[in-house]
Amino acid sequence: MSGSAPPLSVRGLRKAYRDVVAVDGLDLELRPGECFGLLGPNGAGKTTTVEICEGLTPADAGDVVVLGRRWGRDDNELRALLGISLQETQFSEKLTVAETVRLFRSFYPRGAAPETVVRMVQLTEKTNARVGQLSGGQKQRLALACALVGAPELLFLDEPTTGLDPQSRRQLWDLIEEFRAGGRSILLTTHYMEEAERLCERVAVMDHGKIIALGAPRELIASLEAEHVLEFAVADGPPLDPESLRRLDGVCSALQRDGTWQLQVAELHRAVPALLAELRQQGAQLTELRTHSPTLEDVFVSLTGRHLRDE
C-alpha cells in the first residue's frame with residue numbers, strides 16, 4: 001500500500017438482518033495515520049460496519065478495501081496486518097497475562113516482543129497473574145495488548161472503554177495516542193464524546209445505518225452556531241410554548257427531552273434574562289438551570305433529537 005492510499009475505503013455498504021437494515025448505503029474513508037471515530041447510539045450500525053471491515057461479517061452489498069486488499073481474496077494477508085479489539089474479548093482465565101500475549105504473538109509473522117507489549121500496556125506487575133484475577137480495566141488493557149502485539153498497520157477499536165472507571169479509561173486513551181503517534185491508523189467506535197473529542201481527528205455520526213454528519217470534532221461543534229447550551233427544567237404545570245422559547249433573544253433552537261429543555265444559545269448574556277422573563281410571563285417555576293459549552297453530544301441531539309447513549 002502506498003503512503004497516500006487510504007488504509008480503509010468503504011463504498012455503498014449495506015447490511016440487513018431480515019427486515020432490519022443495520023447499514024444503509026454507507027460511504028467511509030480513513031486517511032493514513034489518523035484516528036477516525038464512528039459515533040452513534042446503540043443500534044446505529046457502528047458495530048456491524050466495523051465487523052464487516054474486520055472480515056467478521058459479510059456485507060450484502062458494497063465495496064470494502066482494507067490496506068489495498070479485499071476480504072475473500074486477501075484474507076491471510078489482512079489478518080496479519082490488522083489489530084482488532086472487540087467490545088468484549090473472552091480470554092482463557094487459566095492462562096497468565098504473559099501466556100496470553102505470547103499466544104496472540106504466535107498468530108502473526110511479525111511484531112513486538114510480548115514482554116515489551118505487556119510493559120507498554122502497564123501490566124508488568126501482572127505478568128504472571130492469571131487472566132481470571134484481573135480487574136475489568138486490566139482485561140481491557142490486555143485486549144489492547146493482544147491487538148497491538150502483531151504490529152498492525154490498522155487498528156480497530158470497538159467501544160474499547162465501555163464500562164471502565166475514569167482512571168482506566170484515561171490510561172487506555174494514553175495507549176491509543178501512543179500507537180497513533182507511530183503514524184498508524186485507527187478506526188474507533190465509541191459513545192463517549194470526551195473520548196472522541198480527545199482521540200479523533202475526524203468523526204462520523206451514524207444514525208439508522210447512515211452517516212448524518214462528518215468532520216473534525218471542532219468543525220461539527222462549530223456548525224451548531226451556538227456559543228453555549230442552556231438547560232433548564234420547570235415545576236409541573238401547563239406545558240411551555242416551544243415557539244416562544246425559540247423566539248427568545250440570543251436563542252438558536254429549543255428542544256425538550258425527558259422533562260428538560262435544551263436551548264442552543266448564541267449570546268448567553270441576552271438569552272438568560274430573556275428566558276427568565278418568559279418563564280415569569282408563562283407562570284412557570286424554574287427548578288433547574290445550567291449551562292455548558294457545546295459538545296459532540298449536542299451535535300447529535302441537534303441532528304436527531306436523541307442522545308448518543310440512548311438505547
Side-chain angles (χ1 to χ4, degrees), residues 1-75 78 81-84 86-87 152-159 180 184-191 193 195-197 199-224 296-297 299-306 308:
M1 186 183 71
S2 68
S4 60
L8 176 65
S9 177
V10 176
R11 293 289 179 267
L13 190 64
R14 180 178 173 82
K15 180 67 177 181
Y17 298 97
R18 294 187 178 180
D19 297 332
V20 178
V21 178
V23 184
D24 190 7
L26 183 138
D27 295 334
L28 182 66
E29 185 171 288
L30 265 67
R31 297 169 182 166
E34 81 169 334
C35 181
F36 187 97
L38 201 56
L39 314 181
N42 293 334
K46 305 186 306 296
T47 294
T48 299
T49 298
V50 172
E51 287 181 347
I52 292 171
C53 295
E54 293 168 341
L56 300 177
T57 301
D60 295 337
D63 187 45
V64 178
V65 180
V66 186
L67 300 171
R69 302 163 177 85
R70 285 180 168 84
W71 292 108
R73 188 188 70 187
D74 309 301
D75 293 28
L78 280 169
L81 295 170
L82 301 180
I84 297 173
L86 305 174
Q87 284 191 32
E153 292 187 20
L154 173 60
L155 183 61
F156 290 99
L157 300 175
D158 192 6
E159 303 280 2
R180 184 185 60 184
R184 290 165 291 182
S185 305
I186 302 169
L187 178 62
L188 168 78
T189 75
T190 184
H191 57 243
M193 294 304 95
E195 183 164 285
E197 290 181 34
L199 297 177
C200 300
E201 285 89 351
R202 291 187 302 146
V203 297
V205 180
M206 281 190 74
D207 193 30
H208 299 302
K210 295 178 179 289
I211 290 178
I212 58 174
L214 173 67
R218 288 184 180 180
E219 293 172 353
L220 294 181
I221 292 169
S223 71
L224 292 175
L296 285 174
E297 178 87 8
V299 173
F300 190 82
V301 171
S302 176
L303 291 169
T304 69
R306 291 159 40 227
L308 278 156

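Throughout, numbering of the chain's residues begins at 1 and tracks the sequence.
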Can you pull out every salt bridge (Lys or Arg N to Asp or Glu O under 4.0 Å) where at least one residue sits in residues 30-49? Sequence neighbours excluded, please. E34-R202, K46-E159
Could you walk me through whether L154 and L81 pass the side chain to side chain contact (heavy atoms under 4.5 Å, CB included) test, one step at a time? CA-CA 7 Å; L154 173 60; L81 295 170; over 6 Å; no
Between V203 and L38, does a side chain to side chain contact (heavy atoms under 4.5 Å, CB included) hold up when you go through it step by step? CA-CA 6 Å; V203 297; L38 201 56; over 6 Å; no
Check against salt bridge (charged side-chain N to carboxylate O under 4.0 Å, His left out), R218 and E201: CA-CA 9 Å; R218 288 184 180 180; E201 285 89 351; over 6 Å; no
Between L188 and F36, is the side chain to side chain contact (heavy atoms under 4.5 Å, CB included) condition met? List the steps. CA-CA 6 Å; L188 168 78; F36 187 97; over 6 Å; no
Per the side-chain contact (heavy atoms from CB on, under 4.5 Å) rule, which among T57, D158, L86 passes with T47? D158
Do V10 and C53 have side-chain heavy atoms sitting under 4.5 Å apart? yes
Does the side chain to side chain contact (heavy atoms under 4.5 Å, CB included) test come out yes or no for L8 and V65, once each step is laid out? CA-CA 6 Å; L8 176 65; V65 180; over 6 Å; no
Could you work out, with side chain to side chain donor-acceptor pair (under 3.5 Å) as the rule, every residue matching K15, not counting sequence neighbours? none
A196 and P217 have their tightest heavy-atom pair at O-CG, 4.2 Å
Not counting sequence neighbours, which residues clear side chain to side chain donor-acceptor pair (under 3.5 Å) with S185? List them please. none
Using the test side-chain contact (heavy atoms from CB on, under 4.5 Å), find all partners of I212 that sit at least two apart in sequence or belong to another chain. V205, D207, F300, L303, T304
Residues two or more places apart in sequence or in another chain: which of them pass side chain to side chain donor-acceptor pair (under 3.5 Å) with E197? none
Rounded to the nearest 0.5 Å, what separates atom CD in E153 from atom CG in L67? 5.5 Å
Distance col, row L39:CG vs C200:SG, nearest 0.5 angstrom, shows 6.5 Å
Taken in chain and number order and not counting sequence neighbours, the residues that satisfy side chain to side chain donor-acceptor pair (under 3.5 Å) with R184 are none
Atom CG in L187, atom CG in L157: separation rounded to 0.5 Å? 8.5 Å
Would you find a donor on one side and an acceptor on the other, under 3.5 Å apart, between the side chain of D74 and the backbone of R70? yes
Please list every donor-acceptor pair under 3.5 Å in which a side-chain atom of residues 16-26 meets a protein atom from a residue at least two apart or in another chain.
from: D24; atom 1: OD1; to: R14; atom 2: NH1; distance (Å): 3.1
from: D24; atom 1: OD2; to: K210; atom 2: NZ; distance (Å): 3.3

Measuring from S9:OG to D63:CG, what's the distance to the nearest 0.5 Å? 7.0 Å
With sequence neighbours left out, what residues match D27 under side-chain contact (heavy atoms from CB on, under 4.5 Å)? R11
Shortest non-hydrogen pair, I84 vs E54, comes out as CG2-OE2, 3.3 Å
